[in-house]
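Residue numbers begin at 1 in each chain, while the letters A, B, ... track the order of the sequences. Because the structure is predicted, anything quoted here is derived from the model rather than measured.
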Amino acid sequence: MCYCERLPKMARFGAPRDRKRPLAPRSRLFRPWLARVCRWHRLSSIFLRLNGWTPVSYSDHPRSQAADARGEGVRVRFAPSPTGFLHVGGARTALFNWLFARNQRGTFILRIEDTDLERNRPELVEGILDGLRWLGLDWDEGPFYQSQRLPGYAAAAEKLLSKGAAYLCHCPPEKYAGGDSADEAGTAKSEIKRIVRCSCRDAKPSTADQNPAVRFRVPLGTTTRFDDAVFGPREIHNDEMEDFVLLRSARSASGGTALPTYQLGAVVDDIDMRITHVIRGADHISNTPKQILLYRALDAVPPVFAHVPLILGPDRTRLSKRHGATSVSSYRDEGFLPEAFRNFLALLGWSSGDDTEMFRTSDLIQRFSLSGVSRTNAVFDRAKLEWFNQQYLQKLPLEELLPAIQAELEKAGLWRPEWGASQREWFARTVDLLRPRTRLLSDFSHWARAFFTDDFDYDLAAREKFWKDERLPDLLTRLTDELAALPDWTHDACDRALRQLAEKAGVKAALLINATRVALVGQPVAPPLFDTMLVLGKERVVGRLRRALPAISARSAAG
RNA sequence: GGCCCCGUGGUGCAACGGUUAGCACAUCGGCCCUUCAAGCCGGUAAUACGGGUUCGAUUCCCGUCGGGGCUACCA
């Protein structure tokens, strides 16, 4: 492909503007010349190689859609490791991959990176898949398990060994292990000299050692460059890169013979799966040069790399268990809607370019672009997440909401089958009445419990506040009788009965309204009283008032 | 410690060398009112600091400070 296609200023194809990526001085200098060359001869890849650029295609560009039409579409992957649940950072990475794939009409692949025998928990895979399904992130291929693809990694290592791009290392793992990252004390960090240039690099391979590790032989004396689709051009001198391990020795704590490390596994699979764009967390950015070297050594063209900024906790450190709920499933269990969660997540580190915040999934797909991804770490703000949930709870078509609320009620043991059948209309009406006051699905089974069962308690603060007046027992007894005698159970009839009683007694209607609300639903907060009476029905209203009377008398007598 | 990245209100984003620095969440006040939400109206609140470059810098460059990442036979 032609390098000029990647140049922001040459947006004559209608490329999305590249907002935050200054060109490197070198490319700034060469741009006019380069543009001409590209236009005339399309010699860009040669130019690139001459200048040490990695010839990768930058497909966040309308051109890639043309490529797609030719059957050379975008292929991305999400590659979690089953060492824990699906956390919000991973979910966001998955979401960005998915959005990019859908936007480009490409392929989204799921791969499980389970090459660490010590830390893997196979039973966690299902939880990760569940989390992705809940978020609606459907994958087109996979899940593939690296543990089932071991021969491929060994073969790749063999190939590298045979061409001298890798060597056998006979050192015990402990020699380089531990170090600073392991000990929290923080002492002696300054002593660590980390560039591993093992003596085995130049030694004759020993036949005595049956269980060597395989290390990559980093080509010294040059630099490795790549152009991150988010962070822009970067380079690192190879001398600063260690001879990282490709294949672990049998002595490794993490497993047995010939297990690949992340670097090898990811690269071999990404080549194998023809991944065109690697979209992953920014914590991988310093791995990227190593992997580019691996691609080259394996005679493959590196994909586009797009690193997305990290998600931080409120204290601006990396989000972790310390910060409370970090797993996607905990948000599901708390009563968040996947649509809301997805919308919120999408805005963590990405923006459409304008001030729009509410995105339907189709909008998200249509508007997503790697050039809109930020380089700044983002703090996870639960308050805003709740706001999004509230918005969706209120704006989603009722029919789409009902199943989620049914699930919530089932979970709480409150669900009655007739609400899905003969009383479906009542159920829909009740949900519609309740939802303006809800923020979470769980509000339906907690706060609004009295709408779905007679088994509920009277809120203490509500009793204290609204059942205090000593006239209440008498007034509510009379109200109950009047309501019971009502020929038509309508909003206006109830309204009239209550207000007339209040007027006759010379009290504010609000006194009766508030006291009645607590008697009916046990809460100080509920939908407008007469709407509430309507969905509850006459029997229940009268019954609940009678039931509450003794408690009201007790409270008002107490003063 | 070394290498690297990132700094716009408390939080998420916008401003692509020229705006009274915009939007949203949160927060505070008002309206509405049958409680609480919602809604509407309004307020407080930011370019980390210091140098350059420029007629002009949130924007480009350098330094300082702050935060983060990496520094594993983890991923």
Side-chain angles (χ1 to χ4, degrees), chain A residues 8 17-20 22 79-81 83 113-116 118-119 169 171-182 186 188-196 213-215 231 234 236-237 240-242 244-255 259-263 265-266 281-287 307 309-310 312 314 316-318 344 347-358 374-388 390 394 436-439 447 462 465-466 498 508-514 516-518 523-530:
Chain A
R17 265 186 312 182
D18 206 335
R19 294 178 301 153
K20 296 175 181 171
S81 169
T83 53
E113 308 217 323
D114 54 350
T115 54
D116 184 338
E118 189 182 38
R119 304 200 317 152
C169 173
C171 304
E174 311 83 67
K175 181 172 175 185
Y176 303 108
D180 45 9
S181 59
K189 287 192 179 184
S190 54
E191 316 301 329
I192 309 283
K193 177 109 168 44
R194 268 269 138 218
I195 308 300
V196 175
V214 177
R215 279 186 191 274
F231 283 85
R234 52 210 35 245
I236 181 176
H237 199 92
E240 294 171 27
M241 246 187 274
E242 65 170 1
F244 51 96
V245 170
L246 264 18
L247 234 41
R248 296 135 147 154
S249 71
R251 296 178 298 249
S252 158
S254 307
L259 280 171
T261 59
Y262 166 69
Q263 313 289 359
D283 49 341
H284 286 300
I285 205 159
S286 53
N287 285 323
H307 288 93
L310 267 22
L312 272 24
R316 298 210 80 94
T317 64
R318 196 175 175 168
F344 169 73
L347 260 25
L348 240 39
W350 173 81
S351 115
S352 62
D354 59 32
D355 288 330
T356 315
E357 290 202 302
M358 299 295 292
S374 158
R375 297 154 120 168
T376 319
N377 292 167
V379 172
F380 186 91
D381 181 8
R382 183 184 166 106
K384 186 135 189 185
L385 205 212
E386 286 195 18
W387 178 80
F388 269 111
Q390 183 184 49
Q394 262 151 97
R437 261 151 278 254
T438 56
R439 259 176 121 76
W447 165 74
K465 186 175 176 190
F466 293 120
L498 186 141
K508 280 186 172 174
L511 175 71
L512 298 183
I513 288 171
N514 290 330
T516 303
R517 177 181 302 110
V518 179
Q523 293 292 322
V525 174
L529 183 66
F530 304 113

Mark yes or no for a side-chain to base donor-acceptor pair under 3.5 Å between Ser286(A) and C4(B), with no hydrogen or angle criteria applied.
no
So does Ser81(A) get a side-chain nitrogen or oxygen closer than 4.0 Å to the phosphate oxygens (OP1/OP2) of C74(B)?
no
Side-chain donor or acceptor of Arg375(A) under 3.5 Å from a matching atom on the base of C5(B)?
no
Under 4.0 angstrom, heavy atoms only, what part of the nucleic acid is Leu529(A) near: base, sugar-phosphate, or nothing?
base
Which nucleotide in the list U35(B), G69(B), C73(B) gets nearest to the side chain of Arg517(A)?
U35(B)
Taking the P atom in each of U35(B) and G30(B), what is the distance between them to the nearest angstrom?
15 Å
For Asn514(A) and A37(B), give me the distance from atom CG to atom P, rounded to whole Å.
14 Å
Which part of the nucleic acid, if any, lies within reach of Ala378(A) when heavy atoms closer than 4.0 Å are counted: base, sugar-phosphate only, or nothing?
sugar-phosphate
Of all the nucleotides listed (C6(B), C74(B), A14(B)), which has the minimum atom distance to the side chain of Ser351(A)?
A14(B)
Check: G68(B) base within 3.5 Å donor-acceptor of Asn377(A) side chain
no
Please figure out whether Arg437(A) or Pro314(A) has its closest RNA chain B nucleotide nearer the 5' end.
Pro314(A)
Mind checking which stems touch RNA chain B? I mean at least 3 consecutive Watson-Crick or G-U pairs, both distances under 3.5 Å.
B:1-7 with B:65-71, B:10-13 with B:22-25, B:27-31 with B:39-43, B:48-52 with B:60-64
Would you say Arg316(A) places a side-chain N or O within less than 4.0 Å of OP1 or OP2 belonging to U11(B)?
yes
Using a heavy-atom cut-off of 4.0 Å across all strands, would you classify Gln390(A) as base, sugar-phosphate, or nothing?
sugar-phosphate
Looking at the side chain of Val525(A), which of G12(B), U35(B), A75(B) is the nearest nucleotide?
U35(B)
Has the side chain of Lys384(A) got a donor or acceptor that lies under 3.5 Å from a partner of the other kind on the base of A26(B)?
no
